[in-house]
Amino acid sequence: MLDVALNEIKRGTAEIIDEERIVKLLKAYYDEGKTYTVKAGFDPTAPDLHLGHTVLLQKLAIFQKYGGRIQFLIGNFTAAIGDPTGKSATRKVLTEEDIAKNITSYTTQAFKILDESKTEIVYNKEWLEKLGALGMLQLASNLTVARMLERDDFSKRYASQTPIAVSEFIYPLLQGYDSVHLQSDIEIGGTDQKFNLLMGRQLQKVYEIKKQQAVLMMPILEGLDGVQKMSKSLGNYIGVTDEANDMFGKVLSISDALMWRYFELLSTKTLEEIAEIKSGVENGSLHPKKVKEDLALEITTRFHTEELAHEAKAEFEKVHARSQIPTDVEEFSCEGEIWIAKALVDCKIESSTSQARRDIKQGAVRINQEKISEIDLQLSVGEYVLQVGKRKFAKLKVN
RNA sequence: GGUGGGAUAGUCAAGUGGCCAACGACGGCAGACUGUAAAUCUGCUCCCUAUGGGUUCAGAGGUUCGACUCCUCUUCCCACCA
């Protein structure tokens with residue numbers, strides 16, 4: 001029983017520090033029914049969760065199955081500083097209002113995956129604000145600048161002459177202090193958080209709370225491009241709140257290599273099942289596209305319904321395999337004859353008339369499925385389906 | 001506080017008086033090929049009903065027929081010294 005739990009917990013992890021501690025905690029749970037706390041921090045800087053976040057959330061959900069109580073930490077204090085992780089520039093500071101709004105949408109999305117009854121939402125502002133200047137200084141004395149600069153992103157930025165704000169140095173300390181205050185047993189985060197996660201361990205020792213958190217790191221999920229990490233600002237993400245059609249389409253657009261990553265980190269299939277599928281693809285008995293469709297179905301179903309997922313699949317085939325016009329196309333209307341380039345901009349499928357001209361020249365623009373090449377074309381009264389490239393559609397009614 | 005270096009399109013990065021809407025790379029978009037995969041090849045990549053016009057090279061002034069390029073001030077960054 002314990003092995004099953006441990007295996008499930010370890011699945012897909014990048015690194016675990018102090019695995020023994022996790023084993024002990026699990027044992028205490030099975031033998032004495034004792035629960036333990038698992039901390040995970042979330043920055044309320046982006047209001048929408050994407051699949052990258054759900055990698056962590058899914059792992060937390062697994063802990064909930066095996067006696068873990070989740071400390072869902074909202075970094076509403078630290079958001080005012082901005083975590084330097086993975087950023088090449090100092091982050092913008094958010095207003096109170098933004099943060100409050102983000103938190104609400106954040107948690108409702110998170111509870112699509114987490115068991116609310118086993119989750120405690122905590123805000124680090126509560127205790128960090130009370131820390132005071134003295135407390136802050138004491139905290140800061142635990143760390144040397146040299147040690148700080150060991151951090152990969154700091155040293156990179158330093159080397160490339162990118163500014164580093166002193167406040168950014170404080171960030172890992174505060175995150176570590178959160179673990180002291182919460183007396184967390186385990187903290188989980190992405191591999192890019194390693195420094196901060198370890199800081200929690202170190203500070204727990206310094207502040208003598210008689211335990212040091214185990215650390216479990218999940219790999220960073222790559223975005224749709226397969227190279228950079230999934231993030232909203234890079235625009236390579238699949239959002240939890242994406243429409244079923246979009247979600248399905250986005251999953252299907254990832255590369256084959258990336259698909260296996262997604263299987264490992266996002267699918268609920270067992271590793272054995274995945275290995276089987278993989279060898280099936282390798283020996284040619286399974287078509288990779290079919291496999292990817294199944295993955296897309298699974299993921300879409302998780303955030304919508306099975307029915308919607310299948311509809312998305314049908315829609316996808318309709319549009320792409322048979323190049324028909326999608327069912328739901330945004331509709332626009334205008335008064336009087338209109339120039340095609342202007343029409344495309346008005347329908348929001350082109351960013352400027354210059355861009356529209358270029359695309360027309362390149363044969364990327366279609367009207368009612370017919371490719372057009374005439375830049376000066378005027379649309380007279382009637383209804384048209386405008387299309388740019390393979391995926392941008394709009395209906396226009398000229399009155 | 002002192003000295004020196006720097007700021008160029010989404011990013012990196014050329015350009016040091018006219019040939020600059022600005023080389024190149026990456027990214028992005030589109031076309032061909034496909035499985036809306038990858039790889040590859042090709043074109044495009046500031047705006048404007050356009051063989052032309054407009055606005056750009058941190059910001060504000062100035063020199064000049066002409067400035068991204070020279071001068072002055074301002075803002076921000078970096079390095080060294082204190």
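Residue numbers begin at 1 in each chain, while the letters A, B, ... track the order of the sequences.
As judged by a 4.0 angstrom heavy-atom cut-off over every strand, A:Ile254 is placed among residues touching the sugar-phosphate backbone only. Among the heavy atoms of the strands, none lies under 4.0 Å from A:Gln228. Among the heavy atoms of the strands lying under 4.0 Å from A:Gly249 is at least one base atom, whether or not backbone atoms are also near.
B:U72 and B:C80 have their C1' atoms separated by 26 Å, given to the nearest Å. For the P atoms, the distance linking B:C77 with B:G28 amounts to 32 Å, nearest Å. B:U8 and B:A14: their C1' atoms are spaced 10 Å apart (whole Å). B:G61 and B:C26 have their P atoms separated by 39 Å, given to the nearest Å. When the C1' atom is used for both B:G6 and B:U16, the distance is 14 Å, rounded to whole Å. A distance of about 31 Å separates the P atoms of B:A7 and B:G53, rounded to the whole Å. For the P atoms, the distance from B:U3 to B:C68 is 29 Å, rounded to whole Å.
Applying the 3.5 Å distance criterion, the base of B:G31 shares no donor-acceptor pair with the side chain of A:Gln362. A donor-acceptor contact under 3.5 angstrom links the side-chain atoms of A:Lys390 to the base of B:U34.
Across every strand in view, B:U3 sits in a pair with B:A79 that passes the Watson-Crick or G-U test at under 3.5 angstrom. Of all nucleotides present, none satisfies the Watson-Crick or G-U wobble test against B:A13 with each distance under 3.5 Å.
Summarising the geometry, the separation between CZ on A:Arg358 and C1' on B:A21 is reported as 12 Å, rounded to the nearest angstrom. At whole-Å resolution of the value, CG in A:Asp359 and P in B:G28 are 16 Å apart. We find that CD1 of A:Ile372 is positioned 16 Å from P of B:A30, with the value rounded to whole Å. Rounded to a whole Å, the CE atom of A:Met259 is 13 Å from the P atom of B:A37. As rounded to whole Å, 8 Å separates atom P of B:A50 from atom CH2 of A:Trp339. Atom pair A:Glu374:CD and B:A50:P shows a separation of 16 Å (rounding to whole Å applied). Atom P of nucleotide B:A30 and atom CG of A:Leu344 are separated by 13 Å, given to the nearest angstrom. Rounded to whole angstrom, the span from the CG atom of A:Asp225 across to the P atom of B:C29 amounts to 10 Å.
Note on A:Lys229 versus A:Asp192: salt bridge recorded, some NZ/NE/NH1/NH2 to OD/OE distance being below 4.0 Å. The residues A:Glu8 and A:Lys65 are annotated as salt-bridged, a charged nitrogen and a carboxylate oxygen being separated by less than 4.0 angstrom. A salt bridge links A:Lys10 with A:Glu19: the distance from a Lys NZ or Arg NE/NH1/NH2 to an Asp or Glu carboxylate oxygen falls below 4.0 Å. A:Glu15 and A:Lys194 are joined by a salt bridge, as a carboxylate oxygen and a charged side-chain nitrogen come within less than 4.0 angstrom of each other.
When distances are taken from the side chain of A:Ala364 to each of B:C48, B:A30, B:A32, the shortest belongs to B:A30. The side chain of A:Asp376 approaches B:U49 more closely than any other nucleotide in the set B:U49, B:G35, B:A30. Out of B:C29, B:A50, B:G35, the shortest distance to the side chain of A:Arg357 is found at B:A50. Here the side chain of A:Lys292 is nearest to one of B:G35, B:U34, B:A50, namely B:G35. Closest to the side chain of A:Ser354, from the set B:C29, B:G43, B:C48, is B:C48.
No side-chain heavy atom of A:Asn124 sits less than 4.5 Å from a side-chain heavy atom of A:Ile74. Side chains of A:Thr305 and A:Thr300 form no contact here, defined as non-hydrogen atoms less than 4.5 Å apart.
Using cut-offs of 30° and 60° on the angle between ring planes, the pair A:Tyr237 and A:His50 is tilted.
Nucleotides of RNA chain B nearest to A:Asp256 and A:Thr353 differ in position, and the one nearer the 5' end is that of A:Asp256. Each of A:Gly389 and A:Lys289 was assigned the nucleotide of RNA chain B with the nearest heavy atom; the assignment lying further toward the 5' end belongs to A:Gly389.
Taking 4.0 angstrom as the limit, A:Ser352 places a side-chain polar atom (N or O) nearer than this to OP1 or OP2 of B:C48.
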